[in-house]
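These notes are about the structure you will find just below.
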There are 2 protein chains.
Amino acid sequence: MDRLDLLPIGEVARRSGVSVPTVRFYEERGLITSVRTTGNQRRFERHVLRRIAVVRAGQRFGMGLAEIGEALATLPADHPPTKRDWVRMSSRWHALLTARIEAMERVRDGLSSCIGCGCLSLRSCPVYNHDDELAAEGPGPRRWPPAARDA
Amino acid sequence: MDRLDLLPIGEVARRSGVSVPTVRFYEERGLITSVRTTGNQRRFERHVLRRIAVVRAGQRFGMGLAEIGEALATLPADHPPTKRDWVRMSSRWHALLTARIEAMERVRDGLSSCIGCGCLSLRSCPVYNHDDELAAEGPGPRRWPPAARDA
DNA sequence: CTCATACCTCAAGTTCGCTTGAGGTCAAGC
DNA sequence: GCTTGACCTCAAGCGAACTTGAGGTATGAG
């Protein structure tokens with residue numbers, strides 16, 4: 001059964017630029033899948049490289065693995081995705097990214113105007129008071145952005 | 001000694017919108033300071049509210065507390081900062097934010113062109129391969145952005 | 001057959017930015 | 001004097017995204 005065109009984990013790691021434990025970790029999180037050899041070793045299809053590339057790209061957009069996983073779930077897991085699959089997924093990401101960029105721009109410009117007026121301590125300040133639903137997110141680190149609520 | 005114009009921790013928390021433990025935590029990290037009453041309770045000067053506002057703003061820019069702390073260190077800790085102090089600090093942040101926004105735009109636009117060519121798995125892909133210094137950051141969570149290395 | 005890698009699993013550690021809890025003090029009103 | 005609520009300290013926990021380590025198996029070259 002051990003097909004030759006399947007990649008062992010070290011190859012996947014090398015080619016995708018992540019570490020071997022990270023590849024296992026991504027599999028554990030369901031972001032990628034593998035089959036096993038008769039000797040219980042993982043073998044990956046080539047298109048997991050694309051999936052890992054998507055994961056890394058998503059992380060650069062400030063997404064968590066869970067969120068990325070949802071996006072990946074819209075792609076076929078068994079066969080390599082078609083161009084249509086990519087276009088669909090990535091256009092959503094494009095919109096999302098644009099929204100986040102705009103949010104950052106608002107904060108940045110708020111910063112300037114705020115400095116102009118010297119109001120940083122006031123409740124009406126756009127920097128101080130940009131989104132006022134405080135805390136209420138439970139423990140764990142605060143990520144940027146807290147959520148994609150704006151736009 | 002217990003001055004009246006100093007704020008107890010609960011007031012600081014309420015007015016700044018963070019929790020009481022968080023205020024203590026920020027003090028522990030040196031982001032803010034306090035004096036103690038005869039009964040060992042914290043009392044804060046009013047301008048810590050501004051400092052906390054700066055912390056929250058910085059977090060929205062994707063900065064870590066350490067980085068924010070460095071910025072705050074350029075402000076006077078003892079007396080309320082002057083407008084000049086703010087301008088100096090915030091103009092640096094403005095530049096930094098602009099750089100990050102531009103980086104995100106590059107990634108976003110790379111995403112589009114990438115989809116156009118269907119190359120997401122290739123090493124030459126601008127999304128896949130945007131900054132290639134991989135891993136090598138030790139344990140802990142990956143932050144966004146990994147660093148402000150670009151621009 | 002032996003040896004060096006590359007792989008396996010499972011458990012525990014790391015950083016960040018907090019929260020939660022236990023157990024105790026302080027301040028003010030009744 | 002008593003109770004209530006805000007405060008104190010210290011310790012431990014959490015979620016994210018991994019890394020590191022211990023101890024063992026597979027696979028392929030010599």
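In the text below, chain A, chain B and the rest are named by the order of the sequence lines, each starting its count at 1. On a predicted model such as this, the values are computed, not experimentally measured, just so you know.
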Nearest-Å distance for atom pair [atom1]/[atom2], residues [X] and [N]:
X        : N       : atom1 : atom2 : answer
Met63(A) : dA16(D) : CE    : C1'   : 16 Å
Arg15(B) : dA6(D)  : CZ    : P     : 16 Å
Asn40(A) : dG24(D) : CG    : P     : 17 Å
Ile32(A) : dC18(D) : CD1   : P     : 12 Å
Phe25(B) : dT20(C) : CZ    : P     : 14 Å

Would you indicate which nucleotide in [options] comes nearest to any side-chain atom of [X]?
X        : options                  : value
Thr22(B) : dT19(C), dC8(C), dC18(D) : dT19(C)
Leu65(B) : dC18(D), dG17(C), dT9(D) : dG17(C)
Ile9(A)  : dC8(D), dC18(D), dC8(C)  : dC8(C)
Pro21(A) : dT19(C), dC8(C), dT20(D) : dT20(D)
Arg36(A) : dC18(C), dC7(C), dT9(C)  : dT9(C)

Considering just the side-chain nitrogens and oxygens of [X], establish if one lies under 4.0 Å of OP1 or OP2 belonging to [N].
X        : N       : result
Gln59(A) : dA16(D) : no
Tyr26(B) : dG17(C) : no
Thr37(A) : dC7(C)  : no
Ser19(A) : dC18(D) : no
Arg24(A) : dC8(C)  : yes
Arg42(B) : dC7(D)  : no

If you count every heavy atom of other residues, nucleotides or ligands that lies below 6.0 Å from Arg88(B) atom CZ, does the total exceed 12? yes

With a 3.5 Å distance limit and no angle check, can you tell me whether Arg51(A) reaches the backbone of Leu31(A) through a side-chain donor-acceptor pair? yes

If you assign each of Gln41(B) and Val20(A) to its closest nucleotide in DNA chain C, which residue comes earlier from the 5' end? Val20(A)

Give me the bend of the helix from dC1(C)-dG30(D) to dC30(C)-dG1(D), using the axes of the five pairs at each end, rounded to 10°. 10°

Do Arg14(B) and Glu11(B) meet the salt-bridge criterion of a basic N to acidic O distance under 4.0 Å? yes

